[in-house]
Undergrad: 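First the structure, which I've put down as structure tokens, then a few questions once you've had a look.
For clarity, every value in this text was computed on a predicted model and none was experimentally measured. For the numbers below, each heavy atom of this structure counts, side chains included, while hydrogens, waters and symmetry mates do not.
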Protein chains: 2
Amino acid sequence: MSRPPSYDRETALEKAVGLFWHKGYHGSSMKQVEQALDMRPGSIYAAFGSKDELFSEALARYTKEAGEDLASHMAGYASVIEGLQSFLQKIARDCSASEQAPARACMIVKTLLEANNTHGALYAQANSVLSAIEDAFTALLEKAQRQGELTPRTDCRRLARLLQGQLMGLRSMAERNLSATELEQLGQDMSAVLERYRAEN
Amino acid sequence: MSRPPSYDRETALEKAVGLFWHKGYHGSSMKQVEQALDMRPGSIYAAFGSKDELFSEALARYTKEAGEDLASHMAGYASVIEGLQSFLQKIARDCSASEQAPARACMIVKTLLEANNTHGALYAQANSVLSAIEDAFTALLEKAQRQGELTPRTDCRRLARLLQGQLMGLRSMAERNLSATELEQLGQDMSAVLERYRAEN
DNA sequence: TTCTTTTTATGGCGGCCACTCAAAAAAAAC
DNA sequence: GTTTTTTTTGAGTGGCCGCCATAAAAAGAA
């Protein structure tokens, strides 16, 4: 009936994730968005509505991918704690690898820090996404506890927040000019923190 | 011989710290700067040169204050490790207190994440400041080691980076909508991490 | 071909951006 | 009071901001 779009919406969104993750919300102009998506203003606004909505969709997509990444990683481990430990180390390794990802720090954290006091809607979105991640970590840790990997007295939600805090710190540190070795050491040291909560046995 | 300035440069700089810490570099317009400093454009540019230079001076001042804060806190403790632990908890407490500081996250980290890939000079400044802080932590930990508080085999610089990473994570988490209790628990959990490195005795 | 529908390219909207400058105002020196 | 020197003022700079209207172009459906 009609002319089909020449762009692929998903591909475009992926490119938007790249730009926004790299430069942040305020740091990315619509001119740069046009360039990154290889789309003209009309098409962009028809497809996504506004810069805000595009960013919001990009953040949601980033979140989804990050969640899938965690899930697929954990699927390879019978021990939850070992899985989480190697996840931290994997992050450190990925971050210290030669530049391929748009940024090393987490896009959600970047948004949280940038949008607070500046852009309420995005701040709220980052906030709720982080709550969801806290929930996911909590569920994982409760499973570990059921499997006898964690001390029965461990407060899993509290430990989940510690884990999340460590992850934020690790990926923020990755934006510094550290060597690969130093970053991987940091990943190891953070993963070692979990040892403290392990069940005796 | 001449008319003296009606503003106090130090006071103005202090106000600039407040605004930039609160809203970030891209999030603060010169209009807002004028309002915050209660100065007109001409005076601002005469006194500070440019938005960039003003931000840079503000970041330097923030850094200096943060350093003094750490030093004065540590002065109250004979045990370095105890001092650092209570410092983490103090940060958690301060961050969870009713809004008084312009932001909860660290201004240096906010700048690091915002300015990377966007504003090279500011990124470099944040980076070097963080190196200096790493050095300061290293020196403190080496002192602790000399005092027999840390295992002789502890790599102090490496532990300093872990400490810095924790701090970054803690203060980033503080930007989330957590309760005071939850944040203080996080501060405690992070300070507990240092236990692992304590000397047996 | 003709009709629809949607994407393109383009030019430009009002507004805010960081920044400048000339003139007015203010305070010390004499 | 006059001069000298500096600060303050605020309108104004060009330029980019996010966004939109228009119209030409493109591609299926009939």
Side-chain angles (χ1 to χ4, degrees), chain A residues 1-59 111 114-115 117-123 125, chain B residues 1-59 111 114-115 117-123 125:
Chain A
M1 210 206 293
S2 73
R3 172 182 180 181
S6 68
Y7 57 86
D8 176 33
R9 199 174 189 282
E10 290 304 299
T11 307
L13 198 49
E14 203 60 52
K15 289 174 180 167
V17 170
L19 176 64
F20 283 137
W21 186 9
H22 191 57
K23 301 221 175 198
Y25 178 82
H26 295 293
S28 308
S29 71
M30 284 309 292
K31 194 79 82 181
Q32 293 171 311
V33 171
E34 291 169 30
Q35 208 168 320
L37 309 202
D38 191 26
M39 287 169 70
R40 261 37 64 194
S43 309
I44 296 175
Y45 284 93
F48 299 104
S50 68
K51 183 185 180 183
D52 282 25
E53 292 171 83
L54 176 56
F55 188 96
S56 172
E57 276 201 56
L59 183 58
T111 304
E114 183 184 358
N117 319 311
T118 289
H119 205 303
L122 291 182
Y123 170 72
Q125 184 179 350
Chain B
M1 206 203 297
S2 76
R3 174 183 178 181
S6 70
Y7 60 85
D8 176 34
R9 198 174 191 281
E10 289 303 298
T11 308
L13 198 49
E14 204 61 53
K15 289 175 180 166
V17 170
L19 176 64
F20 284 136
W21 186 9
H22 191 56
K23 302 221 176 198
Y25 178 82
H26 295 294
S28 307
S29 71
M30 285 308 292
K31 195 79 83 180
Q32 293 172 312
V33 171
E34 292 169 29
Q35 208 168 322
L37 309 203
D38 191 26
M39 287 170 70
R40 259 41 61 194
S43 307
I44 295 175
Y45 283 91
F48 299 104
S50 67
K51 184 185 179 183
D52 282 24
E53 291 172 83
L54 176 56
F55 188 95
S56 173
E57 277 202 53
L59 183 58
T111 303
E114 183 185 356
N117 317 312
T118 288
H119 204 303
L122 292 182
Y123 169 72
Q125 184 178 350

Undergrad: Determine the interplanar angle of the B/Tyr25 and B/His119 rings, folded into 0 to 90°, and report it as parallel if under 30°, tilted if 30 to 60°, perpendicular if over 60°.
TA: perpendicular
Undergrad: Please report the distance, rounded to the nearest Å, between CZ in B/Phe48 and C1' in D/dT8.
TA: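 Nearest whole value for this atom pair: 15 Å.
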Undergrad: A/Gln125 and A/Ser56: which non-hydrogen atoms are nearest, and at how many Å?
TA: OE1-OG, 2.9 Å
Undergrad: Do B/Leu13 and B/Leu37 pass the side-chain contact (heavy atoms from CB on, under 4.5 Å) test, and can you show the C-alpha distance, the side-chain angles, and the key distance before you say yes or no?
TA: CA-CA 8 Å; B/Leu13 198 49; B/Leu37 309 203; over 6 Å; no
Undergrad: If you assign each of B/Ile44 and A/Ser50 to its closest nucleotide in DNA chain D, which residue comes earlier from the 5' end?
TA: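 Closer to the 5' end of DNA chain D: B/Ile44.
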Undergrad: Please collect all salt bridge (Lys or Arg N to Asp or Glu O under 4.0 Å) contacts where either partner lies in residues 11-29 of chain B, sequence neighbours excluded, each pair once.
TA: B/Glu14-B/Arg61
Undergrad: Does B/Tyr45 have a side-chain nitrogen or oxygen under 4.0 Å from the phosphate oxygens OP1 or OP2 of C/dC19?
TA: yes
Undergrad: Mind calculating the distance between CG (A/Leu37) and C1' (C/dT7) to the nearest angstrom?
TA: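 Atom CG in A/Leu37 sits about 15 Å away from atom C1' in C/dT7.
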Undergrad: Between P on C/dC16 and CD on B/Glu34, what's the gap in Å once rounded to a whole number?
TA: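 Atom-to-atom, B/Glu34 to C/dC16, this comes out as 14 Å.
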Undergrad: Specify the separation, in whole Å, of atom CE of A/Met30 and atom P of C/dG11.
TA: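 One finds 19 Å between P of C/dG11 and CE of A/Met30, rounded.
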Undergrad: Supply the atom-to-atom distance B/Met39 CE to B/Ile44 CD1, rounded to the nearest 0.5 angstrom.
TA: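 B/Met39 CE to B/Ile44 CD1: 5.5 Å, rounded to 0.5 Å.
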Undergrad: Taking atom C1' of C/dA9 as reference, at what distance in whole Å does atom NZ of A/Lys31 sit?
TA: 13 Å
Undergrad: Can you tell me the distance, in whole Å, between the CE atom of B/Met39 and the P atom of D/dT9?
TA: 9 Å
Undergrad: If I take atom NZ in residue A/Lys51 and atom P in nucleotide D/dC19, what distance separates them, rounded to the nearest angstrom?
TA: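 So the NZ-P distance, A/Lys51 to D/dC19, works out to 8 Å.
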Undergrad: Suppose we screen for side-chain hydrogen bond (donor to acceptor under 3.5 Å, both in side chains). Which residues come up paired with B/Glu53, at least two apart in sequence or across chains?
TA: B/Ser50
Undergrad: Could you check how far OH of B/Tyr25 sits from P of C/dC17, rounded to whole Å?
TA: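 These atoms are roughly 13 Å apart.
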Undergrad: Assign a letter to each nucleotide of nucleotides 10-16 of chain D from its 5' end: B, base within under 4.0 Å of a protein heavy atom; S, sugar-phosphate only; -, no contact.
TA: B------
